[in-house]
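Remarks on the structure that follows.
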Amino acid sequence: MFYSGLRRAAALARFASSSRVLASSSSSSSSSAVEASFSARPILAFRRAMCADPMHGYDASRAGTCEYTDVHYPDPLDVTVPRKMQVADAGYFRDFGGVTRFSGPASTVKCYENNPLVREALGEPGNGRVLVVDGGGSMRCALLGDNLAGMAVSNGWAGIVINGCLRDSEDIGKMRLGVKAIAPHPVKSSKRDPGMREVPVTFAGVTVRPGDWIYADMDGMLVGGPEKFEL
Ligand SMILES: O=C([O-])CC(=O)C(=O)O
Ligand SMILES: [Mg+2]
């Protein structure tokens, strides 16, 4: 306890002195991009200072769901405050991919216990998109497996979010792909009923329209609308 208190105090002192250096040099014409980003990003600069401590191994440049909600989801209890983001219900998804932090514009599939359109979508160039599959929350079969997930990786999809199940979860966990789903299930889905592409889908307390930006990490999932957010 005592040592961690000292460590924190040292990190705070480093943060204070680095902010003084940056503040005094920011008036000069030689301000670097780092200094510019410091003034725009005090929270990230603070994290960077904390990270100078080798005991803290977290990512100093993180801009994840917590930082986005701090800025764009101002008062969680005041329902009259306008929101720029929707936040998915807690505990709805589990992370299954080898990547847990991903973002991109959504492409959507709506289907029920059938996955031909999931295959069709993942066979297209992903260009960093996130495939959002509303499988109606069925717990009776899997809408994604290792073959389809492998196609997603090869075709450049950033991630897949499934309101339903997947299989081959051990293999998917080794892939360079973000995947959120409800649960694993060993049974594959039918191939008879295609379902629908690029329609609005609603689950986990959020509505995703095609083109909406998805931000996902281990803390949750945000839907940011058609405009991409940068911190
Ligand atoms: O084929 C399916 O429907 C799911 C599957 O197992 C895979 O993608 O490997
Ligand atoms: Mg399989």
Side-chain angles (χ1 to χ4, degrees), residues 64-65 86 88-224:
T65 57
Q86 302 172 72
D89 291 343
Y92 196 88
F93 302 110
R94 283 170 52 190
D95 282 296
F96 289 95
V99 171
T100 51
R101 190 184 305 181
F102 58 99
S103 63
S107 172
T108 68
V109 168
K110 192 171 171 69
C111 56
Y112 191 71
E113 299 182 354
N114 281 265
N115 69 348
L117 283 186
V118 176
R119 177 179 288 276
E120 180 186 287
L122 297 177
E124 297 171 355
N127 298 320
R129 286 179 293 167
V130 175
L131 186 66
V132 178
V133 181
D134 181 6
S138 169
M139 303 295 273
R140 302 198 314 169
C141 62
L143 294 169
L144 180 79
D146 61 337
N147 289 324
L148 298 184
M151 280 169 54
V153 175
S154 323
N155 290 329
W157 289 81
I160 305 171
V161 177
I162 307 176
N163 180 25
C165 299
L166 49 65
R167 64 181 196 158
D168 308 314
S169 57
E170 200 173 329
D171 298 307
I172 290 174
K174 294 174 187 149
M175 294 184 187
R176 195 164 181 73
L177 182 70
V179 182
K180 283 189 185 288
I182 298 176
H185 197 295
V187 175
K188 71 178 170 199
S189 54
S190 295
K191 316 296 171 197
R192 289 189 300 263
D193 177 12
M196 290 182 276
R197 271 300 292 281
E198 308 305 359
V199 292
V201 293
T202 301
F203 55 89
V206 293
T207 296
V208 181
R209 294 177 179 78
D212 282 354
W213 275 79
I214 304 294
Y215 305 92
D217 61 17
M218 291 177 78
D219 290 317
M221 186 183 90
L222 311 176
V223 182

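First listed ligand is number 1; within each ligand, the first listed atom is number 1. Keep in mind that this is a model prediction, so the values were computed, not measured. Atom set for the values below is all heavy atoms of this structure, side chains included, hydrogens, waters and symmetry mates excluded.
The Asp168 neighbourhood of ligand 1 comprises atoms 5 (C), 6 (O), 7 (C), 9 (O), with distances under 4.0 Å to a heavy atom of that residue. Here is the list of ligand 1 atoms found below 4.0 Å of a heavy atom in Asn115: 2 (C), 3 (O).
There is a side-chain donor-acceptor pair under 3.5 Å between Thr65 and Asp217. Looking at Lys191 and Asn115, their side chains do bring a donor and an acceptor atom within 3.5 Å of each other.
With atom 7 (C) of ligand 1 as the reference point, the heavy atom nearest to it among Pro186, Gly145, Ser190 is part of Gly145. Here the shortest heavy-atom distance to atom 6 (O) of ligand 1, taken over Met151, Arg119, Arg167, belongs to Arg167.
Within Asp168, the N, O or S atom lying nearest to the Mg ion (ligand 2) carries the name OD2. The Mg ion (ligand 2) sits nearest to atom OD1 when only the N, O or S atoms of Asp146 are considered.
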**Item:** Chi angles and distances behind the side-chain hydrogen bond (donor to acceptor under 3.5 Å, both in side chains) call for Glu198, Ser107
**Value:** CA-CA 6 Å; Glu198 308 305 359; Ser107 172; 2.6 Å; yes
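Looking at every heavy atom in both residues, Asp212 comes nearest to Thr207 through OD2-O, 3.9 Å.
In terms of N/O distances under 3.5 Å, ligand 1 is approached by Leu148. Taking any N or O of Asp146, backbone or side chain, at least one lies under 3.5 Å from an N or O belonging to ligand 1.
The main-chain N or O of Tyr112 is never found under 3.5 Å from a side-chain atom of Ser138 such that the two would form a donor-acceptor pair. Between the side chain of Asn114 and the backbone N or O of Asp193 there is at least one donor-acceptor pair closer than 3.5 Å.
By the 4.0 Å N-to-carboxylate-O rule, Glu124 lies close enough to Arg129 to be salt-bridged with it.
Among the backbone and side-chain atoms of Asp171, no N/O/S atom is found under 2.8 Å from the Mg ion (ligand 2).
Ranking the protein heavy atoms by distance from atom 2 (C) of ligand 1 puts Lys191 NZ, 3.6 Å first.
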